[in-house]
Amino acid sequence: MVYNSMRMWQGAVDSSLHDGIVSPAYVVARPVSMTASRFFARLLKRPNLLCQYQRRSQGNSKDTQVLKFEEFAEIEVSVPLFRKEQEAIGSLADALDSLITLHQRERFADLDET
């Protein structure tokens, strides 16, 4: 999991299956138990968690707020017990996003033709 410590309250979190280098503005974290990364990335963007990130962030304004890892690590979430269920939920969410994007592109293509 990778998250932007200055923009976590906006949902700046995702998962990656690749090794690499990220900006120092990002925090790289691994779940303590085996979790399906796509499910976990979706879970961490839920509105109730975004509110928690904002409450736990430090700074005078939204532009200067930072969610330190120690605060992030204290947040508890509930996850389905079975990894297969997590994977199914993550895959479904990804498929729905793709379908929504496809329909948005079709709608904009229709507008361009008129």
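Computation of the quantities below employed the complete heavy-atom set of this structure, encompassing side-chain atoms and omitting hydrogens, waters and symmetry-equivalent molecules. Small disclaimer: the values here were computed from a predicted structure and weren't measured.
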With distance as the sole test, does [X] use its side chain to make a donor-acceptor pair with the main-chain N or O of [Y] at under 3.5 Å?
X: T64; Y: S61; answer: yes
X: Q86; Y: A36; answer: yes
X: Y26; Y: I21; answer: no
X: S23; Y: A25; answer: yes

Measure across [X] and [Y] and return the closest heavy-atom pair with its distance rounded to 0.1 Å.
X: V13; Y: A41; result: CG1-O, 4.4 Å
X: K45; Y: G11; result: CE-O, 3.6 Å
X: F69; Y: Y3; result: CA-OH, 3.3 Å
X: E74; Y: E70; result: CG-O, 3.2 Å
X: L49; Y: L44; result: CD1-CA, 3.9 Å
X: Q10; Y: L50; result: C-CD2, 4.2 Å

L96 atom CG, neighbour heavy-atom count above 12 within 6.0 Å: yes
State, with a plain yes or no, whether a side-chain heavy atom of Q52 is found less than 4.5 Å away from one of R56. yes
Taking the basic N atoms (NZ, or NE/NH1/NH2) and the acidic carboxylate oxygens, is any pair closer than 4.0 Å for D14 and R42? no
